[in-house]
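Have a look at the structure below, then the notes.
Owing to the predicted nature of the structure, the values given are computational and were not obtained by experimental measurement. Along the sequence shown, the residues carry numbers beginning at 1.
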Amino acid sequence: LELIAQVAEALGAAHSVGVLHKDVKPTNILVAEDREGNPRALLSDFGIGLATDSSLLVEKGITAYGLTEMMSGTQMYMAPEVLEGKVATVQADIYALGVTLYQFTVGDFSRALAPGWEREVSDELLGEDIAATVDGDPAKRLRDAGKIAERLRSLEERRRERQSARHAEAAAARMRRGVRWGGGVLAVVATVA
């Protein structure tokens with residue numbers, strides 16, 4: 001999950017300077033070691049990338065050499081709107097990242113995202129994170145790739161919070177049942193007396 005979080009950060013950085021990747025997929029993620037010997041994900045192959053705002057590139061001193069305006073990519077990772085012939089956006093890259101996250105989660109890089117994919121993801125929160133990236137409506141997807149990194153890195157904390165909330169909810173339900181049961185006993189006692 002940390003490697004996908006690193007890819008999400010890289011994708012967010014590209015988006016921040018107006019560059020769409022347009023082909024996020026496992027084969028475009030390289031893994032190297034950082035200076036401490038830890039695995040580090042590198043997002044590669046921006047060959048079909050698209051400069052959405054070249055002024056952002058110029059502002060950062062980045063040349064747009066090699067970025068195209070051609071519509072292409074790997075179909076399994078293409079967002080529905082791109083398959084429908086609409087222009088690729090940040091949301092299309094986020095969709096592709098979500099498909100990649102799904103494949104990492106189920107351990108099968110040839111698995112297409114299809115209806116019912118949720119059944120294959122046993123972790124409820126991770127399923128919610130994937131769903132937030134692959135919604136069929138681009139307006140309902142996460143808006144920022146950096147948010148995906150945040151969500152993945154906070155997964156354990158979010159699990160603890162959800163568990164605490166469930167415990168509190170269960171305790172409140174037990175309390176409500178106790179009050180109802182106790183009230184019923186009082187009514188019976190009052191009726192008998």
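- Nearest heavy-atom pair across Ala79 and Ala92 is CB-CA, 3.8 Å.
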Enumerate, atom names and distances included, each donor-acceptor pair closer than 3.5 Å involving a side-chain atom of residues 142-149, sequence neighbours excluded.
unit_1: Asp144; atom_1: OD1; unit_2: Gly146; atom_2: N; d: 2.8

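- By the salt bridge (charged side-chain N to carboxylate O under 4.0 Å, His left out) test, Glu169 pairs with no residue at all, sequence neighbours left out.
- Leu113 meets the side chain to side chain contact (heavy atoms under 4.5 Å, CB included) test with Tyr95, Val99, Tyr102, Trp117, Val134; sequence neighbours excluded.
- Between Ile29 and Phe104, the shortest heavy-atom contact is CD1-CE1, 4.4 Å.
- For the pair Val7 and Thr100, the minimum side-chain heavy-atom distance is 4.5 Å or more.
- For the atom pair NE2 (His15) and CG (Leu20), the distance works out to 5.5 Å, reported to the nearest 0.5 Å.
- Judged as a side chain to side chain donor-acceptor pair (under 3.5 Å), and not counting sequence neighbours, the contacts of Ser110 are Asp108.
- Distance alone, capped at 3.5 Å, is enough to place a donor-acceptor pair between the Ser44 side chain and the Asn28 backbone.
- Qualifying side chain to side chain donor-acceptor pair (under 3.5 Å) partners for Arg119, counting only residues two or more places apart in sequence or in other chains: none.
- The nearest pair of heavy atoms linking Leu155 to Leu126 is CD1-N, 4.2 Å.
- The minimum heavy-atom distance between Met78 and Val82, with the atom names listed, is SD-CG1, 4.2 Å.
- Judged by distance alone, the side chain of Arg159 and the main-chain N or O of Leu125 form no donor-acceptor pair under 3.5 Å.
- Within the structure, the salt bridge (charged side-chain N to carboxylate O under 4.0 Å, His left out) test picks out no pair touching residues 87-97 (sequence neighbours left out).
- Taking Glu36 as the reference, nothing meets the side chain to side chain donor-acceptor pair (under 3.5 Å) condition, with sequence neighbours excluded.
- Closest approach of Lys22 to Ala88, counting heavy atoms only: CG-CB, 4.3 Å.
- By the side chain to side chain contact (heavy atoms under 4.5 Å, CB included) test, Asp135 is found to be paired with Asp137, Lys140, Arg141, residues two or more places apart in sequence or in another chain being considered.
- Between atom CG of residue Asp129 and atom CG of residue Asp123 there is a gap of 8.0 Å, rounded to the nearest 0.5 Å.
- Residues Leu152 and Leu42 do not share a hydrophobic cluster, defined by chaining ILVMFWY side chains whose heavy atoms lie under 4.5 Å apart.
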Inset, instruction - Please step through side chain to side chain contact (heavy atoms under 4.5 Å, CB included) for the pair Leu43 and His21, ending with a clear verdict. - result: CA-CA 9 Å; Leu43 183 58; His21 188 280; 3.7 Å; yes

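- With hydrophobic clusters built from ILVMFWY side chains whose heavy atoms lie under 4.5 angstrom apart, Leu30 does not share a cluster with Tyr77.
- A donor-acceptor contact shorter than 3.5 Å is absent between the side chain of Thr74 and the backbone of Met76.
- Residue pairs meeting the salt bridge (charged side-chain N to carboxylate O under 4.0 Å, His left out) criterion with at least one partner in residues 4-17, sequence neighbours excluded, are Glu9-Arg153.
- The side chain to side chain contact (heavy atoms under 4.5 Å, CB included) check on Leu3 picks up Gln6, Val31, Pro39, Ala41, with sequence neighbours excluded.
- In terms of the side chain to side chain contact (heavy atoms under 4.5 Å, CB included) criterion, residue partners of Arg160 (sequence neighbours excluded) are, by chain and number, Glu156, Glu157.
- Interatomic distance, OG1 of Thr133 versus CD of Glu128, reported as 12.0 Å (0.5 Å rounding).
- The side chain to side chain donor-acceptor pair (under 3.5 Å) test applied to Glu124 returns Arg162, Arg166, not counting sequence neighbours.
- Closest approach of Gln103 to Phe109, counting heavy atoms only: NE2-O, 3.2 Å.
- By the 4.5 Å heavy-atom criterion applied to side chains, Gln75 and Leu83 are counted as neighbours.
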